[in-house]
Each structure stands twice: as C-alpha cells, then as structure tokens.
Amino acid sequence: MVGSLSKVGWTFVMVLFCGGVSQAAMPKDAGGKGKEYEPGELIVKYRPGGKLHRGELHRRHGSRKIKEFSSYAMERVKLRAGTPVAEAVREFESDPEVEYAEPNFLVQALVVPDDPSFTPLWGMEKINAPAAWDMTTGSAEVVVAVIDSGIDVNHSDLKGNLWVNTLELNGRPGVDDDGNGIVDDIHGYNAITGGGDLTDEVGHGTHVAGTIGAAGNNGLGVAGVNWNVRIMTCKFLAASGGGTAAEAIDCLHYVAQMKRRGVNIVASNNSWGGGGYSRALHDAIAAQKDMLFIVAGGNDGTDSDVTPTYPASYDLPNLVAVAATTPADSLATFSQYGRHSVHVAAPGSAIYSTAPGNSYATHSGTSMATPHVTGLAALIKSARPSADWRGIKNLLLTGGNPLPALAGRTVAGRQIDAFGSLTCLDSRLFSALTFPASGTSGLPATLSALSINCDAPLGPVTVTLSSGVLYELKDDGIFPDPVAGDGVFSASISPTRSNETFYFSSPAGSEQVVTSAYPTPFAAAAP
Ligand code: CA
C-alpha cells in the first residue's frame with residue numbers, strides 16, 4: 001500500500017510505493033460478453049393508461065410485481081415458478097397492455113486485474129487537473145450519482161463529500177422521513193435491499209467515488225478531480241460485483257426522483273456493463289435527458305462500432321462512453337474503442353484511489369477511466385453553473401487533448417483535459433455518428449454528425465452523396481434530430497445505392513464514410 005501522499009501544491013515527484021494490491025474481492029471483467037439474465041424475472045414496460053389492469057395481468061400469468069419504476073411505466077416482475085423466461089417474454093408481449101417485455105439482464109463492474117507500477121495519481125496529472133484546480137476545485141452545490149457497489153461512508157477522504165438527504169439525516173431512524181418510500185436513505189439508496197445501507201462489499205464503488213471526489217488538500221491519501229462535490233450513491237452491484245438491469249433502472253429511478261425534487265445532479269457514473277440489449281435500460285437512460293449518463297466503454301479490447309456493448313453503445317444524446325488510456329498515452333489493451341460510438345478517453349490503467357476500510361487501492365479498467373470524466377463534468381458545472389448537460393458533454397469532448405492512439409478509435413480522438421475544458425475558447429470537433437448500413441437502397445435512413453466548437457453547436461452541416469445530392473443536417477430537435485442545440489445534427493435520407501459514399505462537412509471539419517464496408521453502428525437486436 002502507498003504511504004502518505006501530500007496533495008498540497010500538487011507537485012508530483014515520487015511517492016513511496018511498497019507492496020502489492022489486493023485483488024481478491026474485485027470481480028473479473030464480464031464486459032459485454034455474456035447475455036445472462038436473472039432466472040424467473042422480467043422487466044415489463046406498459047403502454048400508457050393501462051395501470052388498472054396490471055393486477056389482472058399478473059393473476060393471469062401467475063406473476064407478481066417485485067418493484068414498480070413509476071418514472072418509466074415499468075415493473076420488475078417475478079414469474080410463476082418454473083416459467084422459462086423466453087416463453088414469458090412472448091406471453092407478456094402478446095398482452096395488449098404491454099409495450100414490451102425482456103429478460104432482466106445481468107451486468108458487471110468493469111474492472112480488470114492490474115499491475116501497479118506507475119506514479120499513483122498519474123491520471124490527475126495527465127488530465128491537467130492541477131492546472132484546473134487553480135481555477136476551481138469543485139463545488140458543494142454540484143451533485144453526481146455513483147451507480148455502483150456502494151461506498152465506504154466513513155472513509156476520511158470521502159465522508160465530507162457525501163450527498164446528504166437532510167430530511168433523513170435530521171429525521172428519525174427507521175422512518176421514511178422524506179416520504180420517498182425508502183427508510184434512512186441518508187446518502188443514497190440500496191437497490192438490492194430497498195434501504196439506505198450503502199456498505200461497499202466489493203470496493204469498486206468506493207474506488208470510483210474517490211476519483212470523482214476524494215477531498216483534496218486534507219493531507220490524506222488521494223484527491224479526486226473535485227476536492228468539493230456531493231456524491232450520491234446508489235448501490236446495485238452485490239458482493240459478486242454483479243447486478244441486474246432492473247436494479248440499475250431502480251437506481252436511475254431514484255436519481256430521477258431526487259433530480260425532480262431539486263437536487264442539482266449533473267451526471268451519473270456508470271462503471272459497469274454487460275448483458276444484452278435492454279430496451280428498458282435504454283428507455284430509462286433516455287428519460288434522464290437533463291443529466292449525463294457517463295459509462296464505461298467496456299474491457300473486451302474490441303471495436304464497439306462492430307460489436308456493440310451495453311449500456312455504453314446505446315445511441316442516446318445524454319450518454320458519454322469512455323475508453324481507457326495508459327500513462328504512455330496509449331489505449332489500454334483491455335479498452336474497447338469505437339470511432340463512432342466511444343466518445344472520449346481518460347486514464348484507466350493503474351488508477352490509485354480510495355478503498356473500503358479507510359484505505360487505498362490501485363485498479364484498472366474502463367471502470368476507472370469513467371469517473372475521471374464524470375468528475376470533470378462536475379468540475380465544469382462548478383465553473384459554469386448555468387451550463388446544462390449539452391454544453392458540459394461538448395466541453396468534455398472539445399476540451400480534450402488529441403492523442404495519436406485515439407485517432408480513429410473514439411468520436412473525439414482525445415483524452416479529457418480538465419484545464420482545456422475550463423478554458424475552451426476555440427476548439428472544434430467534427431465526427432460522423434450515424435449513417436445507413438450497406439444494402440439499404442430505397443429505405444429511409446438517418447444521418448447524424450457531431451459538429452461543435454467548445455460547448456456550442458457549429459453549423460451548417462451538410463452531407464453530399466456520390467450522386468451529388470446534398471442534404472442539410474439540422475440540430476433543431478425535430479425528427480429525426482433527438483435534441484435541439486446539443487451539437488448533433490440529423491437528417492432523413494433515402495439512399496438510392498447500396499454502396500454509398502457520404503461526404504460530411506461543416507465549419508468544424510469533414511469526414512467521408514463509405515457504407516459498404518461498414519455495419520449498422522447501433523443495431524438493436526431483440527433479446
Ligand atoms: Ca426516505
């Protein structure tokens with residue numbers, strides 16, 4: 001373990017480093033490979049107005065509601081004993097009240113075994129956090145939600161930066177003082193037990209939290225990207241390091257409720273993945289359009305443009321997928337990448353941060369890269385309180401530092417840079433995002449591209465086909481453009497050839513895409 005590390009002044013020289021790192025409790029990576037699901041359970045999305053008949057539906061199927069997610073008109077459902085999940089999906093989907101039903105997929109913390117051999121806080125230095133800290137070290141007014149394995153609420157480097165539900169803190173033990181259905185959710189919510197106990201049995205959530213917001217300048221252990229921030233925790237990864245899509249949705253539902261109550265939540269950190277395409281999880285993330293969903297890109301070392309991984313590959317405006325870099329400015333060998341689907345990179349190899357029991361540990365994974373990005377989102381918000389998720393997302397990408405190893409492998413081609421984001425004046429970024437696969441001649445298709453300068457959209461954006469036909473892409477929030485003013489410009493087209501060349505162009509840059517050599521970027525397979 002590492003000895004005392006002074007954070008005062010942030011001059012990195014050498015840090016005493018003696019001894020190994022315990023990996024015993026850390027889960028093995030399962031990013032994106034499996035499509036396992038919880039036996040005997042479904043996630044069911046109901047059509048609007050059908051609530052009266054849900055009880056009757058459950059009687060008919062011999063099922064029962066485990067948990068309702070009212071924000072999304074969804075339920076986690078327990079099936080009659082012995083009912084095969086695939087059969088239950090078909091039965092529920094044949095019901096007119098049901099919009100869709102799917103297995104409750106299993107997900108995993110995205111951490112890999114590592115061999116610590118670098119200056120412990122190299123990541124903070126690499127993203128120019130010390131320079132940014134001359135401008136801001138964060139704000140207690142800014143809240144981030146860590147959706148993970150819990151947190152050590154007694155950790156000396158974390159306890160001052162925990163979000164506090166004051167009604168519960170000042171209320172009576174054992175009583176749901178704020179009336180949200182959860183007893184004693186003082187610092188967050190435990191979606192496994194339905195209570196407020198956030199005990200971290202894995203160490204993963206505590207590690208992530210420290211990178212986002214370990215208290216700085218307190219003469220202890222480490223500093224996070226923010227020295228001041230408020231961390232709300234939602235625990236859904238169990239001692240195994242695994243959880244289910246339904247529990248992740250339960251966490252998003254909790255976060256959404258608190259946002260509606262006025263808590264200034266800027267982003268959620270999601271250092272986990274795996275399982276199949278979950279329409280329910282997709283829809284729950286999409287519903288949180290006023291917050292960023294910052295997510296680990298996955299640890300399979302593969303191209304996510306070709307092999308999507310979830311939730312990182314959901315094509316949603318408020319999602320930021322993160323790749324992991326090493327101290328040598330290369331892409332970590334385990335890190336997934338994607339020219340059109342993984343947005344940005346951050347340090348994720350041999351990252352030193354907080355661990356349960358008031359201790360510290362070094363871990364690697366896109367799990368560890370993600371909280372650098374989430375932390376920077378919070379730091380940007382502290383410097384620009386009026387910025388919304390659109391401007392913050394764009395500053396994460398445009399403020400970054402271009403690295404050769406990331407060119408052609410991420411949307412931004414950049415590693416985040418805290419100083420660059422806070423001081424951005426003129427930094428343009430252009431990237432084609434969606435375009436039709438080959439063989440789609442005659443079928444309408446969507447084109448989209450990111451075209452931004454610092455926090456703002458930068459148009460006009462055009463696409464010229466090989467025939468010379470020109471389309472203008474719009475960032476107006478009118479179909480097929482999902483959101484106005486986020487810098488993603490969209491248009492519907494009707495290709496006349498199956499082998500098409502799309503020439504994207506804007507004042508921010510240009511890109512040529514030949515679709516015959518390229519599969520559909522975000523193919524959504526039914527479970
Ligand atoms: Ca409560």
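All residue numbers refer to positions in the sequence shown, counting from 1. Numbering of ligands and ligand atoms starts at 1, following listing order.
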Which atom of Asp185 approaches the Ca ion (ligand 1) most closely (N/O/S): OD1
Any donor-acceptor N or O pair under 3.5 Å, side chains Asn104, Glu41: yes
Asp176, N/O/S atom nearest the Ca ion (ligand 1): OD1
Asp178 N/O/S atom closer than 3.0 Å to the Ca ion (ligand 1): yes
Contact flag Asp184/the Ca ion (ligand 1), N/O/S atoms, threshold under 3.0 Å: no
Near-ring test Tyr277/Tyr314, centroid separation under 6.0 angstrom: yes
N/O donor-acceptor pair under 3.5 Å between Thr366 side chain and Gly298 backbone: yes
Contact flag Asn180/the Ca ion (ligand 1), N/O/S atoms, threshold under 3.0 Å: yes
Side chain to side chain contact (heavy atoms under 4.5 Å, CB included) between Val164 and His187, worked out: CA-CA 5 Å; Val164 174; His187 300 301; 3.8 Å; yes
Heteroatom test (N, O or S) for Ile182 near the Ca ion (ligand 1), limit 3.0 Å: yes
Tyr352-His207 aromatic ring centre distance below 6.0 Å: no
Glu168 atom (N/O/S) at minimal separation from the Ca ion (ligand 1): OE2
More than 12 heavy atoms from other groups under 6.0 Å of NZ on Lys289: no
